[in-house]
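Contents: one structure, followed by commentary.
Here is the naming used below: chain letters follow the sequence lines, and residue numbers restart at 1 for every chain. Keep in mind that the numbers below use all heavy atoms, side chains included, and drop hydrogens, waters and symmetry copies.
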Amino acid sequence: MKAPRGTVDILPKNAKKWQYVESKIKNICSRFNYEEIRTPLFEHTEVFSRGVGDTTDIVQKEMYTFNDRGGRSLTLRPEGTAAVSRAFVEHKLFGEANQPVKLYYFAQMFRYERPQKGRMRQLNQFGVEVLGSDDPAVDAEAIDLAMTVYKELGLKSLKLVINSLGDKESRTNHRNALINHFTPHKEELCEDCQLRLEQNPLRVLDCKKDREHPAMETAPSILDYLNESSNEYFEQVKLHLTSMGIEYEVDPNLVRGLDYYNHTAFEIMSNAKGFGAITTLAGGGRYNGLIEELGGPSTPGIGFGMGLERLLMALEAESITVPLDEELDCYFVAVGEQSVNEAVRLVHELRWNGIQVDKDYQDRKMKGQFKSADRLNAKYVLILGENELEKNIVNVKSMESGEQTEVPIEKLIDVMKDKLQGGKQNG
RNA sequence: GCGGUCGUGGCGAAGUGGUUAACGCACCGGAUUGUGGCUCCGGCAUCCGUGGGUUCGAUUCCCACCGAUCGCCCCA
């Protein structure tokens, strides 16, 4: 038996890293005053086909879609924004007293793709959605939050790329300009682009195959088609980023794959070596029409998704180690049936009193039990054998100093509490 | 979805058309009859991704599948 293709098990050793990263991120979210939202693992397929867009790669070839026993078409969520937006509409969060609604989530996403390093069929994302404000400062705040996560974790090789896709009017004008520009060269473009030219000409711009085509160079830039208000909006976002000291690069060809984006679009990439072909760590943008598309009132929104597998890869690529708690307070060593029985009871008591303790369950000899204690980095070993049982004591040995003292059983809990408390105070 | 490389114990890694599949780490046991980290000794793959084929005989050759990995597309 093997885990399905493109999925992985996160084993205990690794899970500690995940816990560390997640707690760091949650701490940052709290500082930014974002609240957690948890939505279902699957949605009605329509949420994504309408929300994300029928012409996108995600919807066309990457969704895990199935019919349930009632014949409903359901889809394992491939991204977070559409699902969160659906929940926002369904629960009328637009009526909340505090606007905008600032949300974050940790969630598994599913995409049917050929797996590679940094590309899984089930992946973990941290994401943020801010709904109900079209203040450019919110765009800057979301970008700031994402950058804060990376920077606080210690990443250095980062590149923030931003662009503006403009409002509806700007986009329509640009779209027409693109069609006029590329149609004479249609036959020279790759198959995908010929289709894109009809369905979503914007995406011709970020085609890797046709990058060398001369028409690319002279293609109309969205930035030249932004109307007055769109341009002003973009300028404001950039101004805020600059005032926050966040460096960025404007790339007019940054388009993003999803249909719902308008105005601000951004991507955060890693420059770290040994990262292979995958460089995007997070991506997001503004989606002012999405809530309406999903049946809610006209509500502006912005958000991003951050790949956590890629975040961990980036930490690795930059040789950043996360602090891991790999110590055990106590290990209980017992030999002889009576002693072992008493040890089981005492272990229970110690745990009930807040002390971290483990014992042997492999019926190992004393030497073997000490080896286990050593391997588990136990600070103290509590020894209970026939000798101790007779005297009604437990021998407490410090594994660091090797010092061993006799402690009456009835005082064991208090003594251990003291020892461990003291240890923590002394660092 | 397409192309390249790869698949031997828990991990790393040799190897060969023929009968006991090196070695290192880890693990278990002993030397040390109740005490860890060092040392020494011993143990540890009915089996070389799965299925089929070629052959007297395959882990080694061929095919398919599965999986991993790298690249393309696209993205997180």
### Query
Which value, in whole Å, describes the distance between the C1' atoms of nucleotides B/rA14 and B/rC70?
25 Å
### Message
Base, sugar-phosphate or nothing for A/Gly6? Non-hydrogen atoms, less than 4.0 Å.
### Response
sugar-phosphate
### Message
Suppose you measure atom P in B/rG42 against the same atom in B/rC61; what distance do you get, rounded to whole Å?
### Response
35 Å
### Message
Could you check whether atom CD of A/Glu403 has more than 12 heavy atoms from other residues, nucleotides or ligands sitting under 6.0 Å from it?
### Response
no
### Task
Name the closest nucleotide to the A/Glu113 side chain, picking from B/rA76, B/rC70, B/rC28.
B/rA76
### Whole angstrom value for the distance that separates P of B/rG1 from CZ of A/Arg119
14 Å
### Query
Reckon A/Leu281 touches a base, only the sugar-phosphate, or nothing at all at heavy-atom distances under 4.0 Å?
sugar-phosphate
### Query
Can you check the A/Glu267 CD to B/rC75 P distance for me, whole Å?
8 Å
### Atom C1', compared across B/rC66 and B/rG29: separation rounded to whole Å
39 Å
### Task
With A/Lys186 as the cation and A/Phe182 as the aromatic partner, state whether NZ or CZ is under 6.0 Å from the six-membered ring centre and within 45° of the axis.
no
#### Entry: Proximal nucleotide (of B/rC28, B/rU32, B/rG1) relative to the A/Lys367 side chain
B/rU32
### Message
What's A/Gln369 touching, base or sugar-phosphate or nothing? Going by heavy atoms closer than 4.0 Å.
### Response
nothing
### Task
For the side chain of A/Pro115, starting at C-beta, report the closest nucleotide among B/rA68, B/rG36, B/rC73.
B/rA68
### Message
Give me the distance, rounded to whole Å, that separates B/rA21 from B/rC48 when you measure between the P atoms they each carry.
### Response
12 Å
### Query
Heavy atoms under 4.0 Å, any strand shown: does A/Arg111 hit a base, just sugar-phosphate, or nothing?
base
### Listed nucleotide nearest any side-chain atom of A/Arg364, set B/rG29, B/rU35, B/rG1
B/rG29
### Query
Shortest non-hydrogen contact from A/Ser85 to A/Ile291?
CB-CD1, 3.6 Å
### Message
Any base atoms under 4.0 Å from A/Glu309, or only sugar-phosphate, or nothing? Heavy atoms, all strands.
### Response
nothing
#### Entry: Residues, nucleotides or ligands: over 12 heavy atoms within 6.0 Å of A/Glu386 CD
no
### Query
Within the structure shown, what part of the strands sits under 4.0 Å from A/Lys397 by heavy-atom distance: base, sugar-phosphate, or nothing?
base
### Summary
Within residues 141-157 of chain A, the residues having a heavy atom closer than 4.0 Å to RNA chain B are none
#### Entry: Integer-rounded Å distance: B/rG36 P and A/Tyr380 OH
19 Å
### Task
Go through B/rA68, B/rC72, B/rC28 for me and flag the one nearest to the A/Arg5 side chain.
B/rA68
### Message
So A/Ala373, base contact, sugar-phosphate only, or nothing? Heavy-atom distance under 4.0 Å.
### Response
nothing
## Note on the structure
A/Asp9 atom CG is separated from B/rG10 atom C1', nearest whole Å, by 16 Å
### Message
Using whole Å, what does the distance between atom P of nucleotide B/rU35 and atom CG of A/Asp374 come to?
### Response
15 Å
### Message
Can you work out whether A/Glu386 or A/Pro4 has the more 5'-proximal nearest nucleotide on RNA chain B?
### Response
A/Glu386
### Message
Could you tell me how far apart A/Arg121 (CZ) and B/rC74 (P) are, to the nearest whole angstrom?
### Response
19 Å
### Query
Distance between the C1' atoms of B/rC44 and B/rC6, in whole angstroms?
28 Å
### Query
Is A/Glu36 atom CD crowded by more than 12 heavy atoms from other residues, nucleotides or ligands, each under 6.0 Å away?
yes
### Query
Under 3.5 Å, is there a donor-acceptor pair between the side chain of A/Arg111 and the main chain of A/Met120?
no
#### Entry: Polar contact flag, side-chain donor to acceptor under 3.5 angstrom, A/Tyr34-A/Glu129
no
### Query
When all nucleic acid strands are considered with a 4.0 Å heavy-atom cut-off, which category describes A/Met120: base, sugar-phosphate, or nothing?
base
### Query
In whole angstroms, how far is the C1' atom of B/rC74 from the CD atom of A/Gln116?
10 Å
### Query
With a non-hydrogen cut-off below 4.0 angstrom, is A/Glu400 in contact with a base, only sugar-phosphate, or nothing?
nothing
### Message
Counting only side-chain heavy atoms from C-beta out, which of B/rG34, B/rU69, B/rA76 sits nearest to A/Glu388?
### Response
B/rG34
### Query
Across the strands shown, which category fits A/Arg114 at heavy-atom distances under 4.0 angstrom: base, sugar-phosphate, nothing?
base
#### Entry: Side-chain donor/acceptor of A/Gln369 to backbone N/O of A/Ala334, under 3.5 Å
yes
### Summary
Whole-Å distance, A/Asp363 CG to B/rG29 P, equals 10 Å
### Message
Taking only the P atom of each, what is the distance from B/rC65 to B/rG1 in whole angstrom?
### Response
11 Å
### Query
Hey, are the side chains of A/Val250 and A/Leu223 touching, using non-hydrogen atoms and a 4.5 Å cut-off?
yes
### Message
Can you confirm whether more than 12 heavy atoms, excluding those of A/Phe32, are under 6.0 Å from its CZ atom?
### Response
yes
#### Entry: Enclosure of A/Gln108 CD (heavy-atom neighbours >12, cutoff 6.0 Å)
yes
### Query
Is A/Met306 touching bases, backbone alone, or none of the nucleic acid, heavy atoms closer than 4.0 Å?
nothing
### Message
Classify A/Asn387 by what it touches in the nucleic acid, base, sugar-phosphate, or nothing, heavy-atom distance under 4.0 Å.
### Response
base
### Message
Would you measure the distance from the C1' atom in B/rU46 across to the matching atom in B/rU20 and give it in whole Å?
### Response
13 Å
#### Entry: ring-ring contact (aromatic ring centres under 6.0 Å, His included) assessment of A/Phe126 paired with A/Phe106
CA-CA 5 Å; A/Phe126 158 66; A/Phe106 284 89; 5.2 Å; yes
### Message
B/rG30, OP1 or OP2 - any side-chain N/O from A/Lys365 closer than 4.0 Å?
### Response
yes
### Task
Using the C1' atoms only, state how far B/rC11 lies from B/rU19, rounded to an integer number of Å.
29 Å
### Message
Base, sugar-phosphate or nothing for A/Gly336? Non-hydrogen atoms, less than 4.0 Å.
### Response
nothing
### Query
Is the cationic atom of A/Lys16 (NZ for Lys, CZ for Arg) positioned less than 6.0 Å from the six-membered ring centroid of A/Tyr20 and within 45 degrees of its normal?
no
### Task
Starting at the 5' end of RNA chain B, write a dot or bracket for each base, bracketing those in Watson-Crick or G-U wobble pairs whose two distances are under 3.5 Å and using | for partners on another strand.
(((((((..(((.....[....))).(((((.......))))).....(((((..]....))))))))))))....
